[in-house]
Amino acid sequence: QKEVEQNSGPLSVPEGAIASLNCTYSDRGSQSFFWYRQYSGKSPELIMSIYSNGDKEDGRFTAQLNKASQYVSLLIRDSQPSDSATYLCAVIRAAGNKLTFGGGTRVLVKP
Amino acid sequence: DTEVTQTPKHLVMGMTNKKSLKCEQHMGHRAMYWYKQKAKKPPELMFVYSYEKLSINESVPSRFSPECPNSSLLNLHLHALQPEDSALYLCASSQVLGGNGQPQHFGDGTRLSIL
């Protein structure tokens with residue numbers, strides 16, 4: 001089992017719709033969770049951090065964390081073509097200092 | 001524009017060359033990282049510096065040599081690289097290492113091609 005798992009996609013979403021991305025992690029003691037957006041050929045850009053159970057909203061983005069079920073999700077509301085990118089879920093495990101990435105989900109927003 | 005600056009943006013080098021990648025941040029962060037990223041893969045951690053000391057080396061071959069001259073600068077010295085080392089090299093920084101899960105902020109990366 002991979003430490004952090006994501007569906008590779010592509011997740012195809014019509015413009016204006018909600019894109020829903022999921023991520024599961026194996027280390028139950030993980031405390032810190034991040035979503036990065038990466039455009040093709042560019043570097044990862046931090047878009048959300050979440051540390052406690054529940055929802056966290058920032059603009060059109062909502063991160064949801066459920067530690068009991070060991071998953072973290074990202075919702076993108078009113079999806080725009082500019083949201084087309086790979087979204088990386090990343091976790092800092094309890095026992096270490098390293099950021100562990102999932103494989104990324106490619107999102108395609110079609111006009 | 002990112003607050004972590006990497007130079008050069010692109011680098012082409014032969015297998016016998018010696019070159020260096022540079023990274024600079026002025027956010028007062030005390031943890032700095034080097035990652036390697038191949039196409040369609042997530043970033044892979046190479047090295048971590050905490051308070052200018054090497055904290056983590058992920059069993060990286062010795063042809064990659066990191067250096068942290070001060071709290072703002074991080075270098076990666078390259079020598080006798082192989083074609084499979086061609087990748088995007090990313091520098092990142094965070095306030096401290098560990099410490100309640102500080103997020104890491106990435107530079108734009110250096111696209112390295114080995115001929």
Side-chain angles (χ1 to χ4, degrees), chain A residues 2-10 21 23 25 27 29-53 56 58 61 63 65 67 72 74 85-108, chain B residues 1-7 9-10 21 23 25 27 29-51 53-59 87-113:
Chain A
K2 290 183 183 175
E3 294 178 30
V4 181
E5 293 206 60
Q6 296 179 253
N7 189 320
S8 60
L21 291 74
C23 169
Y25 59 93
D27 184 349
S30 298
Q31 296 292 327
S32 307
F33 307 86
F34 308 94
W35 285 99
Y36 287 85
R37 176 177 63 197
Q38 188 170 26
Y39 293 112
S40 182
K42 302 294 186 183
S43 65
E45 174 193 6
L46 180 69
I47 53 172
M48 291 291 280
S49 307
I50 189 165
Y51 302 96
S52 52
N53 281 330
K56 180 181 177 184
D58 184 358
F61 298 102
L65 176 61
K67 288 185 179 179
V72 56
L74 180 71
T86 296
Y87 290 80
L88 295 162
C89 173
V91 175
I92 295 182
R93 298 169 61 185
N97 298 314
K98 295 188 287 189
L99 195 59
T100 302
F101 286 93
T105 297
R106 188 165 153 242
V107 172
L108 262 161
Chain B
D1 287 347
T2 62
E3 296 180 84
V4 178
T5 303
Q6 290 188 244
T7 56
K9 292 194 185 307
H10 301 276
L21 309 184
C23 175
Q25 57 87 15
M27 296 181 281
H29 289 176
R30 303 313 298 268
M32 296 185 77
Y33 311 77
W34 280 115
Y35 288 86
K36 172 183 176 180
Q37 188 177 25
K38 301 284 271 185
K40 300 192 188 303
K41 297 287 186 186
E44 267 178 63
L45 184 65
M46 300 174 73
F47 302 104
V48 182
Y49 274 82
S50 177
Y51 290 88
K53 292 193 187 321
L54 183 64
S55 178
I56 297 174
N57 176 342
E58 291 286 275
S59 304
L88 180 66
Y89 286 84
L90 295 161
C91 174
S93 70
S94 64
Q95 285 186 356
V96 291
L97 186 62
N100 295 325
Q102 297 296 324
Q104 294 179 24
H105 299 270
F106 286 84
D108 288 338
T110 294
R111 175 79 53 193
L112 176 65
S113 299

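Quick note: numbers below take in every heavy atom, side chains included, and nothing from hydrogens, waters or symmetry partners. Throughout, a chain's letter reflects where its sequence line sits, starting with A, and its residues are numbered from 1.
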Q: Let me know if A/E45 has heavy atoms under 4.5 Å from chain B in its side chain, its backbone, both or neither.
A: neither
Q) In terms of heavy-atom proximity below 4.5 Å to chain A, should B/E44 be classed as side chain, backbone, both, or neither? A) neither
(Q) For A/K42, I'd like to know if atom NZ has over 12 heavy atoms of other residues, nucleotides or ligands within 6.0 Å. (A) no
Q) Top residue by heavy-atom pair count (under 4.5 Å) with chain B, among A/L46, A/L88, A/T100, A/L99? A) A/L99
**Q.** Side chain proximity check, B/D108 to B/Q6, heavy atoms < 4.5 angstrom
**A.** no
(Q) Need one label for A/Y36: side chain, backbone, both or neither, based on atoms under 4.5 Å from any heavy atom in chain B. (A) side chain
(Q) Any side-chain to backbone donor/acceptor pair from A/T105 onto A/Y87? Under 3.5 Å, distance only. (A) no
Q.
If you define the side chain from C-beta out and look only at heavy atoms, does anything of B/Q104 sit under 4.5 Å from B/Y35?
A. yes
